[in-house]
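This report refers to the structure that appears directly beneath it.
Side chains included, hydrogens not; waters and symmetry mates left out as well; all remaining heavy atoms used.
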Amino acid sequence: MKKPMKRIKLIVAYDGTNYAGWQKQQNANTIQAELESVCYKYFKQKVRVDGSGRTDTGVHADGQVAVFHVSTDIGIEKIPYLFNSSLPKDIVVKKAGPVSERFHPTLDVKEKIYEYTILNAKLRDVRLARYAYFVYRDLQIEEMIEASKHFLGEHDFKAFCSADNQTKTTIRTISNIEFKIKKTREGKVIRIRVSGTGFLHNMVRIIIGTLIEIGYGKKTAENIVEAFATGRRGYAGFTAPAHGLCLKKVQY
């Protein structure tokens, strides 16, 4: 008896420390490859698992969306339990559900939410070592918050992406930037959430690097204005390390 064809959407969380990003590559550990390997184990078919976007080496996720087609009579409600029993401990399928044939994990995205975590303290915290960028210099958070307003709306983010960017246009829209600050005994944990319709390669990390440099006085908000006006990478800040970044949610 022929098994029914299903199109299944997953919500996936992962610690990206030990992976060369989402996209499958030769001779590298990736999230996509791990998921496809588990699909083959249970469905005995070669299955392509498409994500809502590529996360880079070392970037984490709480809400990556992945979709695949498969012929199976396994109940979709069982898939998280099956997958999680075979996936590495740093990848978890949080949810599985059916989607229509028309659903596209990248083209149908309305908004992505990324969060970047900074530990601003005099001493490192080993519990945050894999998930927060350590900055020992005092950051002027109010200046960072004020400067972040320049990123809101539609802009040409040519100065805020990597040199190997290959998209047709560098125009993107940022809908919200939110700061959450938690005081600790040694300093502060700063979480910066950036929401937008889509992002260029390294765009969020360069935005964060720019805000950090503004926070300790190396750059000013005027540099953001100049970066947008000229498209010159030098006006923007450094590319903040990958391990502080997490894909929190994808909205459709």
Side-chain angles (χ1 to χ4, degrees), residues 7-16 21-23 31-32 35 49-56 58-68 91-118 131 133 144-162 165-181 190-211 224 227-228 236 239-240 242-252:
R7 186 161 169 80
I8 300 169
K9 181 176 83 168
L10 307 177
I11 306 298
V12 186
Y14 48 86
D15 178 330
W22 165 268
Q23 189 176 26
I31 307 299
Q32 184 183 33
L35 289 169
V49 179
D50 292 312
S52 66
R54 304 173 186 175
T55 50
D56 290 336
V59 174
H60 315 295
D62 278 339
Q64 174 69 282
V65 173
V67 177
F68 62 93
I91 305 175
V92 173
V93 174
K94 298 168 72 174
K95 189 176 180 181
V99 286
S100 73
E101 293 295 320
R102 297 187 302 274
F103 178 81
H104 196 286
T106 54
L107 299 180
D108 291 345
V109 172
K110 288 187 177 179
E111 187 172 69
K112 286 185 178 181
I113 302 172
Y114 281 92
E115 183 175 270
Y116 198 93
T117 303
I118 302 165
Y131 310 109
Y133 175 48
M144 294 169 67
I145 293 172
E146 194 62 30
S148 72
K149 296 174 183 177
H150 289 283
F151 290 112
L152 298 177
E154 183 181 271
H155 300 282
D156 186 343
F157 282 88
K158 182 180 179 181
F160 296 91
C161 66
S162 64
N165 179 71
Q166 297 178 352
T167 58
K168 292 181 180 178
T169 176
T170 49
I171 295 174
R172 293 292 185 273
T173 300
I174 300 285
S175 56
N176 190 45
I177 298 184
E178 179 183 5
F179 285 67
K180 294 182 179 180
I181 298 100
I190 306 165
R191 302 186 193 277
I192 307 173
R193 285 202 172 189
V194 183
S195 306
T197 53
F199 297 92
L200 303 167
H201 188 218
N202 286 348
M203 178 174 154
V204 176
R205 291 164 58 193
I206 295 171
I207 287 173
I208 298 299
T210 304
L211 292 174
I224 298 173
F228 283 139
T239 304
H243 70 275
L245 186 61
C246 180
L247 174 59
K248 297 297 290 185
K249 190 174 183 179
V250 184
Q251 299 186 137
Y252 293 90

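For the pair Gly53 and Thr106, the tightest heavy-atom approach, listed with the atom from each and the gap, is N-CG2, 4.2 Å. In terms of heavy atoms, Ala236 sits closest to Ala227 at N-CB, 4.3 Å. Across all their heavy atoms, Ser175 and Glu111 have their closest contact at OG-OE2, 2.5 Å. Val49 and Trp22 make their closest contact through O-CZ2, 3.8 Å (heavy atoms, listed as atom of the first residue, atom of the second, distance). Taking all atoms of both residues into account, the shortest heavy-atom contact from Leu200 to Cys161 is CB-CB, 3.6 Å. In this structure, Glu146 and His150 approach most closely via the heavy-atom pair O-CD2, 4.3 Å.
Remark: aromatic rings of Tyr131 and His60 are close, center separation under 6.0 Å.
Take Arg7 and apply the side-chain contact (heavy atoms from CB on, under 4.5 Å) test, not counting sequence neighbours, and it matches Val67, His69, Val99, Glu101, Pro105. Partners of Lys248 under the salt bridge (Lys or Arg N to Asp or Glu O under 4.0 Å) rule, at least two apart in sequence or in another chain, are Asp62. For Thr239, the side chain to side chain donor-acceptor pair (under 3.5 Å) test picks out Arg233, with sequence neighbours left out. Among residues two or more places apart in sequence or in another chain, the side-chain contact (heavy atoms from CB on, under 4.5 Å) test is passed with Thr197 by Thr173. Residues passing the ring-ring contact (aromatic ring centres under 6.0 Å, His included) test with His155 are Phe157, Phe228, sequence neighbours excluded. Evaluation of the side-chain contact (heavy atoms from CB on, under 4.5 Å) rule for Ile181 yields Ile141, Phe179, Lys188, Ile190 as partners, not counting sequence neighbours. The ring-ring contact (aromatic ring centres under 6.0 Å, His included) check on Tyr116 picks up nothing, with sequence neighbours excluded. With sequence neighbours left out, the side-chain contact (heavy atoms from CB on, under 4.5 Å) criterion links Lys95 to Ile11. Among residues two or more places apart in sequence or in another chain, the salt bridge (Lys or Arg N to Asp or Glu O under 4.0 Å) test is passed with Asp156 by none. Residues that satisfy the salt bridge (Lys or Arg N to Asp or Glu O under 4.0 Å) test with Asp108, not counting sequence neighbours, are absent from this structure. Here Phe103 pairs with Tyr252 under the ring-ring contact (aromatic ring centres under 6.0 Å, His included) rule; sequence neighbours left out.
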Open item on the list: Could you walk me through whether Arg193 and Asn176 satisfy the side chain to side chain contact (heavy atoms under 4.5 Å, CB included) test, starting with their C-alpha distance in whole Å, then the side-chain angles of each, then the deciding distance to 0.1 Å, before giving a yes or no?
Closed with: CA-CA 8 Å; Arg193 285 202 172 189; Asn176 190 45; over 6 Å; no
Task: Residue pair Phe151, Leu211: steps toward the side chain to side chain contact (heavy atoms under 4.5 Å, CB included) verdict - done: CA-CA 10 Å; Phe151 290 112; Leu211 292 174; 4.0 Å; yes
Open item on the list: What verdict does the side chain to side chain contact (heavy atoms under 4.5 Å, CB included) test give for Thr170 and Asn165, after you've listed the backbone C-alpha separation in whole Å, the side-chain angles of each residue and the deciding distance to 0.1 Å?
Closed with: CA-CA 9 Å; Thr170 49; Asn165 179 71; 3.7 Å; yes
TODO: May I have the step-by-step check of side chain to side chain contact (heavy atoms under 4.5 Å, CB included) for Ile171 and Lys158, ending in yes or no?
DONE: CA-CA 8 Å; Ile171 295 174; Lys158 182 180 179 181; over 6 Å; no
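Proximity of Val65 to Leu10: side-chain heavy atoms (C-beta onward) are nowhere separated by under 4.5 Å. Looking at Val12 and Lys94, their side chains never come closer than 4.5 Å, going by heavy atoms from C-beta outward.
The CD1 atom of Ile208 sits 11.0 Å away from atom CE of Met203, with the distance rounded to the nearest 0.5 Å. Residue Leu247 holds its CG atom at 14.5 Å from CZ of Arg54, rounded to the nearest 0.5 Å. Ile207 contributes atom CD1, which lies 10.0 Å from atom CD1 of Ile192 (distance to the nearest 0.5 angstrom). The CD1 atom of Ile224 sits 8.0 Å away from the OG atom of Ser148 when rounded to the nearest 0.5 Å. For the atom pair CD1 (Ile145) and CD1 (Ile177), the distance works out to 11.0 Å, reported to the nearest 0.5 Å. Ser162 OG to Arg205 CZ: the interatomic distance, rounded to the nearest 0.5 Å, is 9.0 Å.
Donor-acceptor pairing under 3.5 Å is lacking for the side chains of His104 and Asp50. In this structure, a donor-acceptor pair under 3.5 Å is absent between the side chains of Gln64 and Thr55. No side-chain N or O of Ser195 forms a donor-acceptor pair with one of Tyr114 less than 3.5 Å apart.
Just one residue in the list Thr117, Val194, Val59 forms a side chain to side chain contact (heavy atoms under 4.5 Å, CB included) with Leu245, and that residue is Val59.
Residues in residues 166-180 take part in no salt bridge (Lys or Arg N to Asp or Glu O under 4.0 Å) pair, two or more places apart or across chains.
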